[in-house]
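Worksheet: one structure, shown below.
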Amino acid sequence: MAIERTLSIVKPDATRRNLIGKIIARFESEGLRIAAVRKTHLSRREAEGFYAVHKERPFFGELCEFMSSGPCVVMVLEGENAIVRNREIMGATNPAQAAEGTLRKLFATSVGENAVHGSDSPDNAKIEIAYFFRETEVH
Ligand code: CMP
């Protein structure tokens with residue numbers, strides 16, 4: 001299986017609730033490495049740029065408002081099959097549909113405030129990692 005990198009974000013609802021450590025510990029315990037990490041408070045414009053693929057969606061404004069409402073932790077996770085593994089660990093976007101034990105089942109409160117983000121494909125992982133990190137910052 002290939003070693004991959006994927007972008008992970010601990011969203012403002014989770015940083016507000018002091019869950020950064022628990023979420024990072026879960027990734028590490030599942031065998032994913034933290035290849036890069038930074039705490040940042042996204043501007044509205046940065047959130048809009050990151051989620052530009054969703055700009056026609058009815059929830060785009062709400063999503064960008066929320067993502068710029070407090071600090072996030074942006075990370076690069078690295079490991080075997082990291083993109084799919086991260087999505088399994090996160091669980092379904094809507095916590096009501098997330099499997100038991102997943103981060104969103106444990107920590108998310110709604111589809112909008114869903115604790116974590118993860119890239120959904122190899123192409124998007126590359127784009128999303130480059131949005132936040134220079135190559136020299138990923139180890
Ligand atoms: P994320 O994995 O960060 O990718 C896009 C985000 O849009 C998603 O998680 C949700 O937080 C958000 N989202 C998806 N559907 C809705 C919705 N119906 N209402 C509000 N936010 C949504």
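In listed order, ligands and their atoms are each counted from 1. Note that the structure is a prediction, hence the values are computed from the model and not measured. Note that the numbering runs from 1 along the sequence shown for the chain. Heavy-atom basis, side chains included; hydrogens, waters and symmetry copies ignored.
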Min over Lys11, Glu62, Arg57 of heavy-atom distance to atom 9 (O) of ligand 1 lands on Lys11
heavy-atom search around atom 8 (C) of ligand 1 in the protein gives Thr93 CG2, 3.8 Å
Flag, side chain of Arg5 to backbone of Val76, donor-acceptor distance under 3.5 Å | no
Would you check whether Arg104 reaches within less than 4.0 Å of ligand 1, judged by its heavy atoms?
-> yes
For ligand 1, is there an N or O atom under 3.5 Å from any N or O atom of Val111?
-> yes
Distance to 0.1 Å, residue and atom name: give those for the protein heavy atom nearest to atom 1 (P) of ligand 1.
-> His117 ND1, 3.4 Å
Quick one: nearest non-hydrogen protein atom to atom 13 (N) of ligand 1, plus distance?
-> Phe59 CE1, 3.6 Å
The atoms of ligand 1 lying under 4.0 Å from a heavy atom of Tyr51, numbered in the order shown, are 1 (P), 3 (O), 4 (O), 5 (C)
Side chains of Met67 and Phe50: does their closest heavy-atom pair fall under 4.5 Å?
-> no
Any donor-acceptor pair under 3.5 Å linking the side chain of Arg87 with the backbone of Gly118?
-> yes
Ring geometry between Phe59 and His54 (parallel below 30°, tilted from 30 to 60°, perpendicular above 60°) | tilted
Heavy-atom distances under 4.0 Å are what count here, so tell me which part of His54 touches ligand 1: side chain, backbone, both or neither.
-> side chain
